[in-house]
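The structure appears below as structure tokens.
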Amino acid sequence: MQQRTVVDNSKKNFPNERVIGTFPVHSAPCSQCPVRHTGFCGRLTDTDHSEMSNRKRLIAFSANRSLALSGVLGPFSILVSGFIRTTHHRADGRRQVVGLTSPGELIEMPQGRENIDLEAATDIRVCQIHPASRSNILSTSHAFRQALLKERQSKVEWLRDQVWTIGAQQPAERVAGFLLSCREFMPWQPLPFGGGVLTIELQRTDIAAFLDTTVETLCRVIRKLHADGLIRAHDARHLEIPDVSRLAEFAGVARRLNDHADKHRRFPN
């Protein structure tokens, strides 16, 4: 199959971008990256970033594309924008979202699990680091090794929290807790007198599958939270949380919320 290369000048944020097959690819210095100072990359040194900038590429995937089946994504990649869902296909045919990757996080490719897939939940951009650069930095940079360790520790903490959420909480509490966590990795506009407006960037089907509930239950809970004054639904994508502490008390995560704030870490990480 012949590879098609098309120059795309429509994306003004990345003027040097070109399209290889169906994947827009370009290279840009780390200093221009929106996640340069957050997540995994935020823990690295300038020397590490300089090494990675020399041998990396940015790849764009359209929403709902399988990353595992694409054959393009390498073993060491970082999500720059958008969201990735990790899906588990059950024996009865049901699909459950068992993980979400947000901007700044390492992308964990499934290994040897046929019923696990990695999919673009939205349009995404991924920074792929050349294996030689990764090996070189891993052998020479203490900060890089520490960042990898912190990333793994954060994943374990997140999985522990998710097991507790699904196993011990009712759907309404799960939804409320999820909305609170979204403030850390989705657009959040604080309001002058407290609270703020959250922009939901995921489809409700993915949110429901992630919280192990149905879209119908999710919509019913949002209407109930709105009626109780815990949130104000401006439209399908914009929800106002007038009192974060009150919603946290309802969700049963007030203490966890304070702990996360004290650690100054992103959620999930």
Side-chain angles (χ1 to χ4, degrees), residues 22-23 34-35 38-40 58-128 151-152 154-167 169 171 174-175 177-187 198-219 221-222 236-237 239 266-269:
T22 57
F23 303 101
V35 296
T38 62
F40 177 79
L58 288 178
I59 312 173
F61 294 86
S62 57
N64 299 315
R65 181 143 196 157
S66 171
L67 307 187
L69 297 179
S70 70
V72 174
L73 203 61
F76 187 78
S77 303
I78 301 163
L79 184 61
V80 175
S81 65
F83 293 89
I84 295 172
R85 59 180 178 247
T86 304
T87 58
H88 174 254
H89 300 277
R90 298 179 177 178
D92 60 4
R94 292 178 58 199
R95 183 197 69 139
Q96 183 177 359
V97 176
V98 295
L100 290 173
T101 303
S102 57
E105 295 182 341
L106 287 179
I107 300 172
E108 303 282 355
M109 297 295 289
Q111 301 292 330
R113 296 287 302 276
E114 294 182 357
N115 58 343
I116 298 290
D117 194 10
L118 228 58
E119 301 169 343
T122 64
D123 291 343
I124 64 171
R125 292 181 186 274
V126 174
C127 179
Q128 184 178 27
E151 188 79 6
R152 298 298 187 270
S154 295
K155 289 289 185 183
V156 170
E157 289 181 18
W158 180 85
L159 286 171
R160 181 187 60 197
D161 288 346
Q162 186 65 7
V163 168
W164 176 81
T165 296
I166 299 301
Q169 290 192 307
R174 295 178 215 159
V175 172
F178 177 77
L179 293 178
L180 288 167
S181 70
C182 285
R183 298 176 305 127
E184 301 300 327
F185 55 91
M186 292 187 189
L198 178 69
T199 300
I200 302 295
E201 296 187 324
L202 291 171
Q203 298 293 325
R204 290 196 177 188
T205 51
D206 286 335
I207 297 174
F210 179 65
L211 298 176
D212 197 28
T213 187
T214 64
V215 174
E216 293 77 14
T217 298
L218 174 63
C219 294
V221 168
I222 289 176
R237 295 185 66 242
L239 301 176
R266 298 169 65 253
F267 182 100
N269 211 7

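Here the structure is a predicted model, which is why all the values come from computation and not from measurement.
Looking only at side-chain heavy atoms (C-beta outward), V80 and L58 come within less than 4.5 Å of each other. Contact of the F83 side chain with the L202 side chain is registered, since non-hydrogen atoms from C-beta on lie closer than 4.5 Å. Taking 4.5 Å as the limit, every side-chain heavy atom of H88 sits out of range of all side-chain heavy atoms of R95. A 4.5 Å side-chain heavy-atom check between L100 and T86 finds every atom pair outside the cut-off. Contact check for K155 versus E105: side-chain heavy atoms found under the 4.5 Å cut-off. Looking at I84 and L67, their side chains come closer than 4.5 Å, going by heavy atoms from C-beta outward.
Here the CD1-SG distance, from I200 to C182, works out to 4.5 Å after rounding to the nearest 0.5 Å. Put simply, CD1 on I59 and OG on S77 are 6.5 Å apart, with the number rounded to the nearest 0.5 Å. Within the model, atoms CD1 of I78 and OG1 of T101 stand 12.0 Å from one another, a figure rounded to the nearest 0.5 Å. Atom CZ of R125 is separated from atom OG of S81 by 6.0 Å, given to the nearest 0.5 angstrom.
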side-chain contact (heavy atoms from CB on, under 4.5 Å) evaluation trace for V35 with F40:
CA-CA 9 Å; V35 296; F40 177 79; over 6 Å; no
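Looking at residues two or more places apart in sequence or on another chain, you find no side-chain hydrogen bond (donor to acceptor under 3.5 Å, both in side chains) involving R204. For T217, the side-chain contact (heavy atoms from CB on, under 4.5 Å) criterion is met by P171, T213, T214, R220, V221, not counting sequence neighbours. A search for side-chain contact (heavy atoms from CB on, under 4.5 Å) contacts involving I166 returns Q162, R174, D212, not counting sequence neighbours. Residues satisfying the salt bridge (Lys or Arg N to Asp or Glu O under 4.0 Å) criterion with R85, sequence neighbours excluded, are E119, D206. Partners of E201 according to the side-chain hydrogen bond (donor to acceptor under 3.5 Å, both in side chains) rule, which considers only residues two or more places apart in sequence or in another chain, do not exist here.
In this structure, W158 and F210 have parallel ring planes: the angle between them is below the 30° cut-off, well short of the 60° mark.
D117 and T87 share no side-chain donor-acceptor pair at under 3.5 Å.
The two residues I222 and L239 come nearest to each other via the heavy atoms CG2-CD2, 4.5 Å. Listed here is the closest heavy atom pair of A63 and A121: CB-O, 4.2 Å. Counting all heavy atoms, side chain and backbone alike, G82 lies closest to L79 at O-CD2, 3.3 Å.
Of the possible polar contacts, none joining the R65 side chain to the S62 backbone as a donor-acceptor pair under 3.5 Å is found.
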